[in-house]
Number of protein chains: 2
Amino acid sequence: MIERTHLSIIREVSRLGTLTEAANALFLTQSALSHAIKKLESQLGIKVWSKEGRNLRLTQAGEHILSVANRTLPQLEHTEHLIEQIAKGKRGSLRIGMECHPCYQWLLTVVSPYLEQWPDVDLDVKQRFQFGGLGALFSHDIDALVTPDPLFKKGLTYLPVFDYELVLVTHEDHILADKPFIVPQDLNNEILITYPVETERLDIFSQFLAPQQCSPYKHKTIETTDIMLQMVASKRGVSALPAWLVEQYSKTLPIKAIKLGKKGIAKQIFIGLRESDVTIEYIQSFIDIASKHSTTQ
Amino acid sequence: MIERTHLSIIREVSRLGTLTEAANALFLTQSALSHAIKKLESQLGIKVWSKEGRNLRLTQAGEHILSVANRTLPQLEHTEHLIEQIAKGKRGSLRIGMECHPCYQWLLTVVSPYLEQWPDVDLDVKQRFQFGGLGALFSHDIDALVTPDPLFKKGLTYLPVFDYELVLVTHEDHILADKPFIVPQDLNNEILITYPVETERLDIFSQFLAPQQCSPYKHKTIETTDIMLQMVASKRGVSALPAWLVEQYSKTLPIKAIKLGKKGIAKQIFIGLRESDVTIEYIQSFIDIASKHSTTQ
DNA sequence: ATGGTGTATGAGTTTAATTCATAGAATTCT
DNA sequence: AGAATTCTATGAATTAAACTCATACACCAT
């Protein structure tokens, strides 16, 4: 069996020329190298070197071993270096799953300071999961899940990262725009625009309309927040989004936010993690930075 | 230090699923593997596996080690095999990569006299490469590359082995069958059958149709030459193949070869080698035999 | 010859790897 | 729920290997 030491020895000897020097470079005695190679030779049934006077010349077999040494040793050294970084907590991969459409805007504000602080962390954001965000966490397809529903399961933890109020968005000239708040019946004649997910996962349905058995005149779905708000701004419908997001867009678009019900709808966003990961430094740091970028942002 | 045993252990465990089975495969006890990995983990300061119930799941660090194992162990095993052959006084192994579909038929005619002359050379033919034929040559996954594109790189040499003419193949009753040669426009209403590779790598496209901005009525792809010619023989389309190949098949199938353009399309096939290998006797001999089996065959 | 420099080798020592026996953990069976 | 099964983990004892030391031997230059 060709072992790593054999590769190192052959590489060093052909780099430095003599066994003695190679032995020094490897912090071993000349005797050790001699014995090691001798044993290898007897195992493989070949000679590694032939002696030409007092220099060693690699045989054909020796050349093959040197060649494999030059190809594989650097790879081993590279992974050892990589793993050292992982051990120090400096490197790793953080794949974030998003189960909350509007949170994408918020995530972007978290990501840039994070990447600055952790340049060696591989960050990735995923938005579609074959077996739901929870399944993705369990099957290690993602490492963190941004979600409004903290479905507690053994082996997972959730940490709240920010609170916001869900509001109705209308054009600023809309009939409802001047009300201090709206009631479910107010939407009976409106076109409601939402993200394309099941209605059970849309709070405007599950927490506002459904309890009063109301439904909008029409329900349209749109993938992206930008287009959604463009539609609202061109009076093609109303939507329900986080208040902070509406406030941000209202600087450039003629839109307005209205409370949903007298008390409004309060939402909380969590980050779910596998319990075994919470101690990892670069993951903790992500939670920290995420928490700091809460509503006020 | 990551040793070869660690690589083997991690590879076998991820192949077989359990430490116990891996231990059997490696002719060691389960305890030995457990101790070995434990020691590695303490040296590197990381975990290789995390236990999920009773299964082991590789950590990120573990994945890196597995990846380096899959890259380096086969190389070590191959050189050991090579050296074993050298020790026995036999020659070695010749792994040929093919980047040229129809050349397979030609290769078969080369292989049999070669094997007769070199009974102890282990011959292997590979047709799929993760990083292209060139990458396979450099990473020692193959020893020789049969290709129409001699992409010169430092450390490689190419030797031309045979020339042939690329021709159109049609049914012998086809409308085009009586022409002395065809022009690109003649294919506008034809179904063209080719091997399933990128059109840039198909000479009928890159050297014949594309310069005149022509394209066939339809483009179908088929893996094997036999089936391809069966299709042509049953009037389901036309194809482009080496003249010598068509000539051979035309003895048994109602097909005919037609020149592509007035001058025809001349092709040249090369064998690429690592420069360090060109002096090896059994490789030189392969080139010799290959060159002798050129067009006339 | 002689000193200098390098390799080879046997014997003894140190270190590492392996096994054995057994405990613990998770899963399946009844 | 408890028993049987099937893995992994671990400490202690054993076995094997790697390494050093001391020294012999080979080559070359002067």
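The chains referred to below are lettered A, B, ... by the order of the sequence lines, with proteins before strands, and numbering in each begins at 1. All values below come from the heavy atoms of this structure, side chains included, with hydrogens, waters and symmetry mates left out.
Under the salt bridge (Lys or Arg N to Asp or Glu O under 4.0 Å) test applied with B:Arg95, the options B:Asp124, B:Asp143, B:Asp122 reduce to a single match, B:Asp143.
A close approach under 4.0 Å does not occur between any side-chain nitrogen or oxygen of B:Lys38 and OP1 or OP2 of D:dA9. For D:dT6, neither phosphate oxygen OP1 nor OP2 lies less than 4.0 angstrom from any side-chain nitrogen or oxygen of B:Thr20. In this model, the phosphate group of D:dA18 is approached by a side-chain N or O of A:Lys39 to a distance below 4.0 Å at OP1 or OP2. Contact between the side-chain N/O atoms of A:Ser31 and the OP1/OP2 oxygens of C:dT7 is not found at any separation under 4.0 Å.
For B:Gln30 and C:dT22, the CD to C1' distance is 12 Å, given to the nearest whole Å. Protein atom NZ of A:Lys47 is 7 Å distant from nucleotide atom P of C:dA8, rounded to whole Å. Rounding to whole angstrom units, CE of residue B:Met1 and P of D:dA18 are separated by 14 Å. Taking atom CG of B:Leu16 as the reference point, atom P of D:dT8 lies 11 Å away to the nearest angstrom. If you take CH2 of A:Trp49 and C1' of C:dT7, they are 11 Å apart, rounded to a whole angstrom. What separates CG of B:Asn24 from P of D:dT6 is a distance of 13 Å, to the nearest Å. Whole-Å rounding puts the A:Glu3 CD to D:dA16 P distance at 17 Å. Distance A:Leu33 CG to C:dT9 C1': 14 Å, rounded to the nearest Å.
Classification of B:Glu41 and B:Lys38 as a salt-bridged pair fails, no side-chain N sitting under 4.0 Å from a carboxylate O.
Summarising the local packing, CD of A:Glu275 is surrounded by more than 12 heavy atoms from other residues, nucleotides or ligands at distances under 6.0 Å. Within 6.0 Å of the NZ atom in B:Lys47, the count of heavy atoms belonging to other residues, nucleotides or ligands does not exceed 12.
B:Glu3 contributes atom CD, which lies 8.5 Å from atom NZ of B:Lys39 (distance to the nearest 0.5 angstrom).
Using a 4.5 Å heavy-atom cutoff, the side chains of B:Val121 and B:Phe286 are not in contact.
Within 4.0 Å of A:Ser34, counting heavy atoms only, lies at least one base atom of the nucleic acid.
Direction change of the helix axis from one end of the helix from C:dA1-D:dT30 to C:dT30-D:dA1 to the other is 30°, with five pairs defining each end axis (rounded to 10°).
Listed candidates were D:dT8, D:dT20, C:dT7. Nearest to the side chain of A:Leu19 is C:dT7. Comparing D:dT8, C:dT19, D:dT20 by their nearest atom to the side chain of B:Leu28 picks out C:dT19.
Residue-to-nucleotide proximity on DNA chain D shows that, of A:Lys51 and A:Thr29, the 5′-proximal contact is made by A:Thr29.
For D:dT10, the base is stacked against the aromatic ring of B:His35, per a cut-off of 5.5 Å between centres and 30° between planes.
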Next on the checklist: Using the rule given for salt bridge (Lys or Arg N to Asp or Glu O under 4.0 Å), can you reason through A:Lys126 versus A:Asp141, listing the C-alpha separation, both sets of side-chain angles and the distance that settles it, and then say yes or no?
Outcome noted: CA-CA 9 Å; A:Lys126 300 194 173 188; A:Asp141 283 338; 5.7 Å; no

